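Here's the structure we're looking at; comments come further down.
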Amino acid sequence: MPFAQPSLPSPSSIQEEKEPENELPQDLGEFLSSLPKDNGWILPHLYQYQGFWHSPNYFRGLHACQQHFQPLDTDIILITNPKSGTTWLKALVYACVNRVKYPPNSQNHPLLTSVPHDLIPFLELELYNELNHLPDLSSIASPRVFSTHLPYVSLPNSVKDSQCKVVYLCRNPKDTFVSLWHFCNKLRNENLGTLLLEEAFDLFCRGVCDSGPYWDHVLSYWQASLEMPSRVCFVKYEELQENPFFHVKKLADFLGYSFSLEEEKIKVVDEILKLCCFENLRNLEVNRTGRLSRIGVCENRAFFRQGKVGDWVKYLTPEMSDRFDQITKQKFEGSGLHF
Ligand code: PAP
């Protein structure tokens, strides 16, 4: 995949930046000023790079990850558009691949005391986002599981070339949008005031949101899953909600962690679903009160709002819904992908 110009400054030359881009050091500031810019959802601006929009504080991690991340063939990478069910997917995959060490009904299961995001870190947002420091991933027990919101075009070549497994979870654009709008208003820089639904809708439709355009993100991984079905598993949030038993078993097969008949008989899959279901996770103390350990600004409870399919009907007008349908039809036409 060609690396689009202009290139990013090296991670060591990027300093800690707290908020808006006018506090950034010269070189990242210069880099950003060379990129298309539009209104942001949490910070004042988003910048377009390799065809996708990102917050200014995303770039250090994006670049360091592209340059340095070396996957192992046994790695598992969970990829999502923001608000597509990342937290749920992390919980399910963690519970599946660690079920021998931590049976899902055990009283000391890590998911009872840690938010799923702290058990499966984001590559670009967390691990590779530290100033002047690259993570040492060598001591992480196999299988290493990471996550990312990176669009396919920006995924490190090392990932594209490896045999590691990729799970892509997507969610219908209307619920994703509504979830994102709620979430961003919780984290939004105070000086910016509330982001109005109509304003957010216009940005989202134009593709201007973190890791957007939403449709291009989804489509590129859909295509990757068609081209490399043994490497990329494409899952829909709605299907997972409708038939979690079937889809979790399928996911476990794909990852090479199939459930045995004996496990099915003693209801291990059911126990995993119970442990990871929205109601259970949302009510745990850690998820009601804590903050993410590596991204401290974010309260854990912000990741558990409604957990439903179709919540968008409470927010979108019929015109907004039609507009989403039109864009979805136009973007996905001929791809075989439907919601
Ligand atoms: P992220 O991309 O910022 O990590 P992500 O977890 O993808 O966020 O999205 C959160 C959404 O998943 C929320 O949707 P909502 O706003 O429509 O409610 C959240 O409620 C939902 N969610 C979190 N955990 C679960 C779960 N266990 N089952 C189903 N949905 C869940």
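Numbers for residues simply follow the sequence, beginning at 1. Nothing here was measured: the structure is a model prediction, and the numbers come from that model. Start at 1 and go down the list; that is how both ligands and their atoms are numbered.
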Exercise. If you measure from each heavy atom of R171 to ligand 1, is any distance below 4.0 Å?
Worked result: yes
Exercise. Side-chain donor-acceptor pair under 3.5 Å between Y49 and H63, yes or no?
Worked result: no
Exercise. Just which atoms of ligand 1 are under 4.0 Å from any heavy atom in S179?
Worked result: 11 (C), 13 (C), 14 (O), 15 (P), 16 (O), 17 (O)
Problem set entry | Nearest-neighbour protein heavy atom for atom 8 (O) of ligand 1, which is reported as residue plus atom name and distance | K83 NZ, 2.9 Å
Exercise. Taking atom types as modelled, is there a side-chain donor on Q70 or S158 under 3.5 Å from an acceptor on the other?
Worked result: no
Problem set entry | Part of Y237 with heavy atoms under 4.0 Å of ligand 1, whether side chain, backbone, both or neither | side chain
For this session: Inspect the contact between K236 and E238 and indicate whether a charged nitrogen and a carboxylate oxygen are less than 4.0 angstrom apart.
Result: no
Seminar exercise, completed: When distances are taken from atom 31 (C) of ligand 1, the protein heavy atom at minimum range is F278 CD1, 3.7 Å
Exercise. Do the ring planes of F177 and F201 sit parallel (below 30°), tilted (30 to 60°) or perpendicular (above 60°)?
Worked result: perpendicular
Exercise. How far is atom 6 (O) of ligand 1 from its nearest protein heavy atom, and which residue and atom name does that atom have?
Worked result: T87 OG1, 2.4 Å
For this session: Measure the distance from atom 23 (C) of ligand 1 to every protein heavy atom, then report the residue, atom name and distance (to 0.1 Å) of the closest one.
Result: F303 O, 3.1 Å
Seminar exercise, completed: Counting heavy atoms under 4.0 Å, the part of S84 that contacts ligand 1 is backbone
Exercise. In ligand 1, which numbered atoms sit nearer than 4.0 Å to a non-hydrogen atom of F304?
Worked result: 20 (O), 23 (C), 24 (N)
Exercise. Using 30° and 60° as the class limits, which term best fits the ring planes of F304 and F278: parallel, tilted or perpendicular?
Worked result: tilted
Exercise. What atoms of ligand 1 come within less than 4.0 Å of a heavy atom belonging to H149?
Worked result: 2 (O)
Problem set entry | Common cluster, L112/V115, ILVMFWY with side-chain heavy-atom separation under 4.5 Å | yes
Exercise. Is the closest heavy-atom distance from G85 to ligand 1 below 4.0 Å?
Worked result: yes
Exercise. Does E279 approach ligand 1 within less than 4.0 angstrom via side chain, backbone, both or neither, non-hydrogen atoms only?
Worked result: neither
Problem set entry | Numbering as shown, the atoms of ligand 1 that approach C277 to under 4.0 Å (heavy-atom distance) | 27 (N)
For this session: Output yes when K174 and D325 qualify as a salt bridge under the 4.0 Å nitrogen-oxygen rule, no when they do not.
Result: yes
Exercise. Using 4.0 Å as the upper bound for N to carboxylate O, is an ion pair formed by K274 and D270?
Worked result: no
Exercise. Which of the atoms of ligand 1 are close to G307, meaning less than 4.0 Å from one of its heavy atoms?
Worked result: 15 (P), 18 (O), 20 (O), 30 (N)
Problem set entry | Heavy-atom nearest neighbour in the protein, as seen from atom 20 (O) of ligand 1, with distance rounded to 0.1 Å | R305 N, 3.0 Å
Exercise. Is K90 close to S147 at the side-chain level, that is, under 4.5 Å between some pair of heavy atoms?
Worked result: yes
Exercise. Which residue holds the protein heavy atom closest to atom 18 (O) of ligand 1, what is that atom called, and what is the gap in Å?
Worked result: Q306 N, 2.6 Å
Exercise. CG/L226 to OH/Y221 distance, rounded to the nearest 0.5 angstrom?
Worked result: 14.5 Å
Exercise. Near C276, which atoms of ligand 1 are under 4.0 Å from a heavy atom of that residue?
Worked result: 27 (N)
Exercise. Hey, is R99 close enough to E263 for a salt bridge, meaning N to O under 4.0 Å?
Worked result: yes
Problem set entry | Proximal atoms of ligand 1 relative to P82 (non-hydrogen, under 4.0 Å) | 2 (O)
Problem set entry | Option with minimal heavy-atom separation from atom 28 (N) of ligand 1, where the choices are F177, W88, W312 | W88
For this session: Answer yes if L251 and F246 sit in the same cluster of Ile, Leu, Val, Met, Phe, Trp and Tyr residues linked by side chain heavy atoms under 4.5 Å apart, and no otherwise.
Result: no
Problem set entry | Numbering as shown, the atoms of ligand 1 that approach H117 to under 4.0 Å (heavy-atom distance) | 4 (O)
